[in-house]
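To start, the structure under review is shown below, and the notes come after it.
The sequence lines fix the lettering, A, B, ..., with proteins before strands; numbering per chain opens at 1. We use all heavy atoms of the structure for the numbers below, so side chains are in, but hydrogens, waters and symmetry mates are not.
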Amino acid sequence: MATAPVTKDSHLYLVDASAYIFRAFHALPPLTRASDGLPIGAVSGFCNMLFKLLEELKGPDRPTHFACIFDASSHTFRNDMYDQYKANRSEPPEELRPQFPLVRRASIAFAAHALELEGYEADDLIATYARQAEAKGARVTIVSSDKDLMQLVSERVVMLDTMKNKTLGIEEVFEKFGVGPERVVDVQSLAGDSVDNVPGAPGIGIKTAAQLINEYGDVETLLERAGEIKQPKRRESLIENAEQVRLSKQLVLLKDDVPVELPLEELAVADPDPEVLIAFLEEMEFRTITRRVRESMEMEGAIEAAPPAEEPIDRTQYETVRDFERLEEWVARAMAQGYVAVDTETDSLDSVAANLVGVSLALAPGEACYIPLAHVDPNAAGDGDMFGADPPRQIRMKDAMRALKPMLEDASVLKIGQNIKYDDSVFATQGIRVAPIDDTMLLSYVLNAGKHSHGMDTLSERYLGHSPIPFKEVAGTGKQQVSFDRVALDKATEYAAEDADVTLRLWQTFKPKLHTEQVTTVYETLERPLVPVLAQMEREGIKVDRDQLSRLSADFSQRMAALEAEAEEQAGRAFNIGSPKQLGEILFDEMGLPGGKKTKTGAWVTDADVLEGLAAEGHPLPRTIVDWRTLSKLRSTYTEALQAAINKKTGRVHTSYAMAVAQTGRLSSSDPNLQNIPVRTEEGRKIRQAFIADEGNVLVSADYSQIELRILAHMADIPALKEAFLNGLDIHAMTASEMFGVPIEGMDPMVRRQAKAINFGIIYGISGFGLARQLGIPQGEAAEYIKTYFKRFPGIRAYMDETKDFAKGTGYVKTAFGRKIHLEAIKSKGPAKAFAERQAINAPIQGSAADVIKRAMIRMPDALAKAGLTARMLLQVHDELVFECPENEAETLIKVAQDTMQGAALPALNLSVPLVVDARAAKNWAEAH
DNA sequence: GCGATCACG
DNA sequence: GACGTACGTGATCGCA
């Protein structure tokens, strides 16, 4: 035990030990000491937690001061105020009682103070120390999930739920109580608490209490003005129970000035005495943690002597688990440790079509195994030919799932994956809901978006200096490639267990950086909770009308053939109409048409812009080519590909959403991409018509109106734009009216179109050149427009300059919700810099919009369930959500979807403009949109 | 495997 | 004064 001053760089951890013991006892498996059957489950959990916090936390989250706080006895000053306080608590169970003193001993063995004070609850000591540390500018982490402690949360004080591995800050408190931490006491004293037997005001729950407090400020004011309340029930309950509410407030308000015996400074973290600690752990017969403490102590000695050497990756050390008993041992170790890296191997990249082939686990660097489940004889000839095939001995799928399910679903065991959405879907086919989770891909995404990609190989090479075995090396390449179930077990183990090992090591690398980089909230509120939501959407899929697509395909083919013949005639010779190279030669070399540009590879540019230009000059061939290309695109990318994408089992099309590809925080969709289904042309919409609801159902499409411009109006604080949105004006018409001085009524559509292009240009980081090209006007004219725009909306230029300066200073930009997008090129010179500057302007806007819809999607499943709907969310297209529901639910669904989407920024962000969502139901997507 | 093209927000 | 320019994606094709 040591002394050290508490400063703004200190980080105090206060463990709510008494509460932990109860929770661990109920949440963890009932472990007993092998030699004498002494129950020690809670002690084990407690030791693991202390070890994790004291030995494994590195970086700025590492505690500098630390204490375990206990309840002294059951009688406190609150019982003197109210004899019924916590009177409904029953005695602790028989198996738990002997564990109380052991947990105190465990604290001391870890060189942590075990503190308590007669007459006070642990919560009061925690409050006292937390306030003292906070006053000195230190950060405080309260290790507890007890809502009674939430009143202490602040900018510097967070709570940590070690079992769910979840940090609770101001936003989470707000979500639970509907008020900030400083008003939690008021809400609690009104709502009461049946667990602690705090009476409150009968008939008033948390929701109502929050509403009242938000309106009146605090309990005293509320009680004084209770007569003003309109609802008779509430009014009477408050008037009748005023004294009871005042008493409740005294009960829930934590005492933050108790006479603590030890000064804060003496809670400094000290190195445990290895002999004492190991002796205690051995006495408890904790094998895994004893070994890990030993390793950690030895390593610390080594660290002082030599630079920290990464444990090298040795694939030969991995275990192939082929016996049920061994599997049970791995599962038990994962349960005891509280976290485990998990990876699934399957026979397909498509998570919906994939069959589970094996599972790998990793508990510590180098400590990993592979559990083969559906491997076949690698020498068997093929799917249909199993003669003489001799599958290797492996655990039966059903048995393995029985062993793994409790661990994968256990709230106290964190499952760590790389792109765990995939594994989540694979386990879902086995009836397993994996939770809680962490995802190294998403950790990297919130930490490093813009710096590099987030696939496992990239991350491993970059952060571990190690290249994992390429998949090709175990499964072969090209025609010889086999699915993973045909890979021999020794090779499969090296590959699969290494993936879990690497994932675990990456997690240890990334997780502590969340706080230093201030992206914990983004990770915990925007990315991690979206994983199961997207996995579910991918599994739902959407129905498409195969016959309709097939008819369209035939129609397009026919028309393409006609256009092809026409093109040859117009060109004067046969050529490959699909070859831009040949086309360029014909147009510019042979026919000698003007206006030819070259690409950087020296080929003629023949894109739609160029061809439209030529067509306008009266040449027939370019128009034919444009028409042919349109049909060719629709046919090959949509009508043909979509038929091929229909899943054989479900009869529906299942896209895959990439969470860590787009730099700005957007999702992307692939295999097939359902975010670029045609809509802008009449021909294209016929394809959209082929996306249909199942019988008796309808599709509902709900999309944000102008979300990016609204976010710009808010973030750049442009009064004229905000005003327009508040008044529900046509924003492009209003822009045109401002800029060109024309009335909105009876406006020339061309003028509005120009204003619309300028509005988009602003969001994209406008340039005169770009706007000129978009509008087909001279560059000088475009530059004039931009000048006028900046004059009319002066805040825009200031916002752009501030954003660019921020990016230049920090190397990144942020969305309104704190997501970081790194733009290292902003510090360079030349075109790269100009490009980065435009990204700097666009990324916060596009990214904030992406954050908003993610928040809506995360809340949607609960919102639907609460409204009693069976509706399913199927697709996301950046600012649009597509649902499917029975016809009779459509009306309610539209309301729920609109409410959830329109309120999605709250409470984290109170936008100064309304978010508006349009929604419609129809039999197909074209009509619903 | 890459560039050109074009579908979407 | 010159330079290179709208932001973010994915799929398909031709061609090296």
Just to verify, what does [X] make a side-chain hydrogen bond (donor to acceptor under 3.5 Å, both in side chains) with, not counting sequence neighbours?
X: A:K598; result: none
X: A:Y812; result: none
X: A:E781; result: none

Residue [X], side-chain atoms from C-beta onward, closest of [options]:
X: A:Q839; options: C:dG10, C:dA16, C:dG8; value: C:dG8
X: A:V661; options: C:dG14, C:dG10, C:dG8; value: C:dG10
X: A:K600; options: B:dA4, C:dA16, C:dA6; value: B:dA4

*Rounded distance in Å between the P positions of C:dA6 and B:dC6*: 15 Å
*asked:* Please report the distance separating the P of C:dT5 from the corresponding atom of B:dA4, rounded so that it comes out in whole Å.
replied: 12 Å
*asked:* Using a strict heavy-atom distance below 4.0 Å, which residues from residues 554-566 of chain A are in contact with DNA chain C?
replied: none
Check whether any side-chain N or O of [X] sits under 4.0 Å from OP1 or OP2 of [N], and answer yes or no.
X: A:Q774; N: C:dT5; value: no
X: A:R838; N: C:dA6; value: no
X: A:T601; N: B:dA4; value: yes

What's [X] touching, base or sugar-phosphate or nothing? Going by heavy atoms closer than 4.0 Å.
X: A:A850; result: nothing
X: A:S636; result: sugar-phosphate
X: A:A757; result: base
X: A:G578; result: sugar-phosphate
X: A:I763; result: nothing
X: A:S669; result: sugar-phosphate
X: A:F760; result: nothing

*Can you tell me if A:H454 and A:T458 form a side-chain donor-acceptor pair at under 3.5 Å?*
no
Extract from the structure each pairing of a protein N or O with an N or O of nucleotides 5-9 of chain B at less than 3.5 Å, listing the distance.
{"residue": "B:dT5", "atom": "OP1", "partner": "A:T606", "partner atom": "N", "Å": "2.8"}
{"residue": "B:dT5", "atom": "OP1", "partner": "A:T606", "partner atom": "OG1", "Å": "3.0"}
{"residue": "B:dT5", "atom": "O3'", "partner": "A:R629", "partner atom": "NH1", "Å": "3.2"}
{"residue": "B:dC6", "atom": "OP1", "partner": "A:R629", "partner atom": "NH1", "Å": "3.1"}
{"residue": "B:dC6", "atom": "OP2", "partner": "A:A608", "partner atom": "N", "Å": "2.8"}
{"residue": "B:dC6", "atom": "O2", "partner": "A:K633", "partner atom": "NZ", "Å": "2.6"}
{"residue": "B:dA7", "atom": "N3", "partner": "A:N676", "partner atom": "ND2", "Å": "3.0"}
{"residue": "B:dC8", "atom": "OP1", "partner": "A:V679", "partner atom": "N", "Å": "2.7"}
{"residue": "B:dC8", "atom": "OP1", "partner": "A:R680", "partner atom": "N", "Å": "2.7"}
{"residue": "B:dG9", "atom": "OP2", "partner": "A:R680", "partner atom": "NE", "Å": "3.4"}
{"residue": "B:dG9", "atom": "OP2", "partner": "A:R680", "partner atom": "NH2", "Å": "3.4"}
{"residue": "B:dG9", "atom": "O3'", "partner": "A:D879", "partner atom": "OD1", "Å": "2.7"}
{"residue": "B:dG9", "atom": "O3'", "partner": "A:D879", "partner atom": "OD2", "Å": "2.8"}
{"residue": "B:dG9", "atom": "N7", "partner": "A:R680", "partner atom": "NH2", "Å": "3.1"}
{"residue": "B:dG9", "atom": "N2", "partner": "A:R666", "partner atom": "NH1", "Å": "3.3"}
{"residue": "B:dG9", "atom": "N2", "partner": "A:Q846", "partner atom": "NE2", "Å": "3.3"}
{"residue": "B:dG9", "atom": "N3", "partner": "A:R666", "partner atom": "NH1", "Å": "3.1"}
{"residue": "B:dG9", "atom": "N3", "partner": "A:R666", "partner atom": "NH2", "Å": "3.2"}

Does this structure show an ion pair linking [X] with [Y], if we count only N-O contacts that are shorter than 4.0 Å?
X: A:R819; Y: A:E527; value: yes
X: A:R559; Y: A:E683; value: yes
X: A:E612; Y: A:R623; value: yes
X: A:E708; Y: A:R666; value: yes
X: A:R573; Y: A:E590; value: yes

Round to the nearest Å and state the distance from [X] atom [atom1] to [N] atom [atom2].
X: A:Q754; N: C:dA6; atom1: CD; atom2: P; result: 20 Å
X: A:I841; N: C:dT5; atom1: CD1; atom2: C1'; result: 12 Å
X: A:K804; N: C:dA6; atom1: NZ; atom2: P; result: 16 Å

*Would you say A:K923 has more than 12 foreign heavy atoms packed within less than 6.0 Å of its NZ?*
yes
*Heavy-atom distance under 4.5 Å between the side chains of A:E880 and A:L875, does that happen here?*
no
*Is the closest side-chain heavy-atom distance between A:H732 and A:N759 below 4.5 Å?*
yes
_Stem segments of DNA chain C by first residue number [Watson-Crick or G-U, under 3.5 Å, at least 3]_ = B:1-9 with C:7-15
